[in-house]
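A short worksheet on the structure shown next.
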Amino acid sequence: MILTSYLQWKKLHHPVLHEHQTELWLRYAPGNNPDISGNKILKLKYQLEQALQQKSSGLLTFGGAFSNHLVATAAAAAENKLKSVGIVRGEEVDLDNPTLALCRSYGMQLIRVSRDFYRGRYQQDILQQLGDQYPGYLHIPEGGTCEAAVQGVSELDMCATPDGPASMLICAVGSGGTVAGLIRGSETTPVLGIAVVQDQSLPEKIRAFLATDRNWPEWQLIQALHQPMYGRFDQQLWQFCLSFAEQDVQLEPVYTGKALYSVFELIKAGKIAKGSRLSFFHTGGLQGLKGLAYRGLIPGADPRQ
Ligand SMILES: Cc1ncc(COP(=O)(O)O)c(C=O)c1O
């Protein structure tokens with residue numbers, strides 16, 4: 001089993017990088033449980049601390065049928081001897097899919113709800129209802145994104161690679177918390193977020209985490225350049241992910257692989273200056289590979305072998 005999460009930095013090798021004289025470093029977050037690795041461990045750090053401090057009964061959070069965040073919350077709760085509840089989008093979802101089975105193996109209680117109910121998950125009446133049903137549980141938003149999560153991510157030093165200062169920090173963007181953390185954690189290094197979801201309100205959501213009383217480093221959000229629809233990928237993108245296996249780098253095509261593919265497109269198009277040293281946050285999400293195999297979207301080998 002390869003526990004890439006033990007690594008802190010890994011330099012990628014690829015003919016495109018060589019040709020364009022660009023260095024690309026993958027930044028890993030510390031941690032030894034792959035189900036909580038990547039951005040998850042950082043996003044949950046302060047929320048867990050809060051739950052433990054205020055002696056919460058457990059963690060209650062929200063996610064879709066294949067959510068990396070649900071798994072990470074279940075695993076983090078179990079490690080800290082807290083109970084966990086996952087509110088799952090869709091009454092019809094299969095509780096035996098690899099993601100939800102993994103959540104259950106960590107002791108998470110899964111409640112499937114209608115899409116209508118799920119849409120209203122942050123409304124006062126629904127929060128109240130959940131509060132009555134699960135008293136004393138700390139509520140964690142979908143994707144884990146909140147002020148505490150951004151603070152946790154901001155503490156990851158992405159700027160100083162083993163070869164010297166990075167010229168740009170990069171990550172995949174879903175709910176925006178991770179990229180907001182990278183912006184907060186950077187003194188002057190520019191940050192590039194690559195959105196793998198369609199959400200017009202993302203820039204606003206990111207800005208909401210950046211206080212207006214100071215100057216932030218330059219940051220930019222672009223839509224993934226290839227297969228921009230959330231969750232979509234093709235053979236080309238999947239083969240791109242697999243092509244790094246011989247360097248012991250595992251990627252999945254929904255977040256990290258899709259974002260990295262865009263980075264390579266930018267490099268090939270000459271949009272990243274020669275001599276750049278890029279620092280790319282490997283945000284984890286590898287449990288998702290089993291869900292893709294379960295749905296027949298990729299071949300079925302265990303990605304962690
Ligand atoms: C593997 C992976 N990478 C990146 C992200 C995007 O992070 P954020 O939602 O903070 O933008 C997610 C979503 O949580 C994720 O699961």
Side-chain angles (χ1 to χ4, degrees), residues 4-5 26-29 31 33-47 61-76 86 89 98-99 102-103 140-156 158 169-185 191-199 201-210 219-224 228 230-231 233 237 241 249-263 280-292 303-304:
T4 40
S5 50
L26 290 188
R27 177 64 159 130
Y28 290 91
N33 180 346
D35 296 329
I36 323 179
S37 71
N39 55 350
K40 311 292 169 290
I41 194 166
L42 303 169
K43 288 175 90 171
L44 289 173
K45 177 181 164 191
Y46 287 114
Q47 299 183 77
T61 195
F62 308 86
F66 295 95
S67 161
N68 295 321
H69 165 70
L70 274 186
V71 169
T73 306
R89 184 181 57 236
T99 299
L102 188 53
C103 289
I140 297 182
E142 182 186 59
T145 287
C146 59
E147 171 56 32
V150 173
Q151 181 58 29
V153 174
S154 74
E155 292 169 11
L156 178 73
M158 289 273 299
L169 315 182
I170 308 172
C171 70
V173 179
S175 59
T178 303
V179 74
L182 296 195
I183 299 165
R184 274 219 213 148
V191 178
L192 173 65
I194 301 175
V196 299
V197 298
Q198 276 68 40
D199 179 356
S201 67
L202 260 179
E204 205 42 55
K205 287 181 179 157
I206 296 165
R207 252 181 248 118
F209 290 113
L210 304 173
W219 64 274
Q220 199 192 348
L221 182 71
I222 63 165
Q223 194 67 37
Y230 178 70
F233 62 94
L237 178 46
C241 295
V249 170
Q250 289 178 293
L251 299 169
E252 47 68 49
V254 177
Y255 290 97
T256 51
K258 188 175 279 189
L260 198 62
Y261 192 99
S262 289
V263 175
F280 181 94
F281 187 12
H282 191 308
T283 41
L286 296 176
Q287 72 80 28
L289 287 168
K290 287 189 178 166
L292 296 178
R304 296 207 196 128

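Remember, it's 1-based here, ligands and their atoms both numbered in the order they're listed. Just so we're clear, the structure is a prediction, and the values are computed from it rather than from any experiment.
- A donor-acceptor pair shorter than 3.5 Å cannot be found between the side chains of Thr283 and Asn39.
- Qualifying side-chain hydrogen bond (donor to acceptor under 3.5 Å, both in side chains) partners for Arg89, counting only residues two or more places apart in sequence or in other chains: none.
- Closest of all the heavy-atom pairs between Ile170 and Met158 is O-CE, 4.1 Å.
- The closest side-chain donor-acceptor pair between Glu142 and Ser175, if any, does not fall under 3.5 angstrom.
- Using the six-membered ring where Trp is involved, Tyr255 and Tyr230 have ring planes that are perpendicular, over 60° apart on the 30 and 60° scheme.
- When heavy-atom distances to ligand 1 are checked against 4.0 Å, the residues falling inside are Asn39, Lys40, Lys43, Asn68, Thr145, Ala172, Val173, Gly174, Ser175, Gly176, Gly177, Thr178, Tyr255, Thr283, Gly284, Gly285, ordered by chain and number.
- Contact check on Arg184 versus Glu155 returns no salt bridge, with no Lys/Arg side-chain nitrogen under 4.0 Å from an Asp/Glu carboxylate oxygen.
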